[in-house]
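Working notes, beginning with the structure itself.
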Number of protein chains: 2
Amino acid sequence: MNTPAVNTWQSVQAEVRRRIQTRLWKPGEMIPNEADLAAELGCARGTVNRALRALSDEGLIERRRKAGSRVALHPVRRATLDIPMIRKEIEGQNKTYGYALINRATTSPPPAIGARMQGEGANFLHLRSLHMANGAPYVFEDRWINAQTVPAVLDQDFEALSPNEWLLTHAPYTHGDIAFGAAGATAEMAELLGCETGAPCFTIERATWISDHSVTLVAQTFAPGYRMFTQL
Amino acid sequence: MNTPAVNTWQSVQAEVRRRIQTRLWKPGEMIPNEADLAAELGCARGTVNRALRALSDEGLIERRRKAGSRVALHPVRRATLDIPMIRKEIEGQNKTYGYALINRATTSPPPAIGARMQGEGANFLHLRSLHMANGAPYVFEDRWINAQTVPAVLDQDFEALSPNEWLLTHAPYTHGDIAFGAAGATAEMAELLGCETGAPCFTIERATWISDHSVTLVAQTFAPGYRMFTQL
DNA sequence: AAGTGGTCTAGACCACGTC
DNA sequence: ACGTGGTCTAGACCACTTT
């Protein structure tokens, strides 16, 4: 059967996706190698490569040198979450952003924090702040910043500018990790967030690094009802 | 100054990243066009393209035809979350997976659910189940399945095989959306999950579709302490 | 109108992992 | 050892957008 020529990588991707969805190529099965597919579809191998690479990133197929490509047995779906600056997130909802510093101190961190940030002494800045949307509490954040990595941070008072924003432009991290979870609001958070003590809150914890120097460790507790949303 | 030849796209990416991190190219600034960069680094334009495309996907730079590429002013970080089959997630932690069906019924869904799933009549399967890790409750799930889209689902009793798993191999969705949040455990969930009523739980809600037909709508409530983790 | 990124091609070499 | 995907090249044309 002659397949009409398909020359864009998107159309190759679509064709392969179709063959998988219609179960013409079943889960676990091998699919033709790049050269054969290119010949069949009437395009260059590079184009097929681009299409299959995209499907592989997506988790729909698995590729290994020499072994070839196969349809994933258990397609691990991947969701890409945007982690925007909080101000941008709020402004994106057409709400007015507000920020308030609750507390600023240079102290040495509790052992658990210090260990994770590989820091010594009192070269740490501890910031607690509240972000608001249209005046309503949005998220409470408790942050440690390593002043050994980012000395300039000590010159900032963070009264008007959130540390989130300052760090993003003055000390962009190279990598980090992030964890999502749920926690009950402490009495203090409850008051700040305007909810009951113990109310279930969505939480994000993030640690970021510049090469192998810890930059910041932040725990964010969102007001009840917050949801993080994305497409699959 | 002559830059030594850099011919892999990863090294081009690394070099560009370095120039951004060292603020040689500052946020908001334009960077050279592909042809110039290729000439400077001594490689083909295609290689530069590949590198810059990766940085653009990552959110570190913004690219527009004719306008050129610029360093992102507010780098929107993206995190990719794997959404594995729950069994795989648990087995990946070297724990024994367990599954129990709590309730199975074919009824018409409440209006809120029906509306989201565009369904009519009683062609819906309602399943409530519990997944366990090493015998301990892991996540409670409340799921609606549209039998108009997936008629074969009515032949399954789901006593031993979780709907999650069955759907993944028998009705792979084309797209969907997912929301993460937090909620307090209801009395029933608390008993099943072995926690206090009202305990803060991490929740995932997912709706999936095959082209424009709704497949399933599922609300998962994880046992307290659950965290979803990824790299940045 | 013109400049820039987006993509396709055809060929080539290489790295890796399976056999 | 050898087959497969991973990548680089040089050149070309096109699509989009801004000027």
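Within every chain, numbering begins at 1; the chains are lettered A, B, ... in the order of the sequence lines, protein sequences first and strands thereafter.
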[N] [atom2] sits how many Å from [X] [atom1], rounded?
{"X": "A:Arg63", "N": "C:dA15", "atom1": "CZ", "atom2": "C1'", "answer": "15 Å"}
{"X": "B:Asn33", "N": "C:dG6", "atom1": "CG", "atom2": "P", "answer": "12 Å"}
{"X": "B:Ile61", "N": "C:dT4", "atom1": "CD1", "atom2": "C1'", "answer": "13 Å"}
{"X": "A:Met30", "N": "D:dG5", "atom1": "CE", "atom2": "C1'", "answer": "11 Å"}
{"X": "B:Glu62", "N": "C:dG5", "atom1": "CD", "atom2": "P", "answer": "14 Å"}
{"X": "B:Arg70", "N": "D:dT18", "atom1": "CZ", "atom2": "C1'", "answer": "12 Å"}
{"X": "B:Leu41", "N": "D:dT9", "atom1": "CG", "atom2": "P", "answer": "11 Å"}
{"X": "B:Leu37", "N": "C:dG6", "atom1": "CG", "atom2": "C1'", "answer": "16 Å"}

Problem - Basic-acidic side-chain contact under 4.0 Å: A:Glu15, A:Arg19 - result: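 Salt bridge flag = yes for A:Arg19 with A:Glu15.
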Side-chain N or O of [X] closer than 4.0 Å to phosphate OP1/OP2 of [N]:
{"X": "B:Ser69", "N": "C:dT4", "result": "no"}
{"X": "A:Arg50", "N": "C:dT7", "result": "yes"}
{"X": "B:Asn49", "N": "C:dG5", "result": "no"}
{"X": "A:Asn7", "N": "C:dC8", "result": "no"}
{"X": "B:Arg53", "N": "C:dG5", "result": "no"}
{"X": "A:Thr47", "N": "C:dT7", "result": "no"}

Could you check whether [X] gets within reach of a base, just the sugar-phosphate, or nothing at all, counting any heavy atom under 4.0 Å?
{"X": "B:Gly46", "value": "nothing"}
{"X": "A:Gln10", "value": "sugar-phosphate"}
{"X": "B:Arg45", "value": "base"}

Exercise for the section: Please state whether the rings of B:Trp166 and B:Phe158 are parallel, tilted or perpendicular, taking 30° and 60° as the class boundaries. Expected result: perpendicular
Problem - Mutual orientation of the aromatic rings belonging to B:Tyr138 and B:Tyr226 [parallel < 30°, tilted 30-60°, perpendicular > 60°] - result: perpendicular
Practice task
Tell me whether the guanidinium CZ or amine NZ of B:Arg227 lies under 6.0 angstrom from the six-membered ring centre of B:Phe222 and within 45° of its axis.
Solution key: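 Here B:Arg227 fails the 6.0 Å and 45° test against B:Phe222.
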Exercise for the section: Report the C-alpha distance between A:Asn7 and A:Thr47 in whole Å, list the side-chain angles of each, state the deciding distance to 0.1 Å, and finish with yes or no for side-chain contact (heavy atoms from CB on, under 4.5 Å). Expected result: CA-CA 7 Å; A:Asn7 19 306; A:Thr47 308; over 6 Å; no
Between N or O atoms, less than 3.5 Å apart, protein on one side and nucleotides 17-19 of chain C on the other: list the pairs.
from   : atom 1 : to      : atom 2 : distance (Å)
C:dT18 : OP1    : A:Arg64 : NE     : 3.3
C:dT18 : OP1    : A:Arg64 : NH2    : 2.4

Practice task
Consider only side-chain N and O atoms of B:Gln231 and A:Asp177, and report whether a donor and an acceptor are under 3.5 Å apart.
Solution key: no
Handout entry: Centroid separation A:His131 to A:Tyr99 less than 6.0 Å
Key = yes
Practice task
First locate atom CD of B:Glu141, then atom OG1 of B:Thr216, and finally report the distance between them rounded to the nearest 0.5 Å.
Solution key: 8.0 Å
Handout entry: A:Trp9 or B:Ala35, whichever maps to the more 5' nucleotide of DNA chain C
Key = B:Ala35
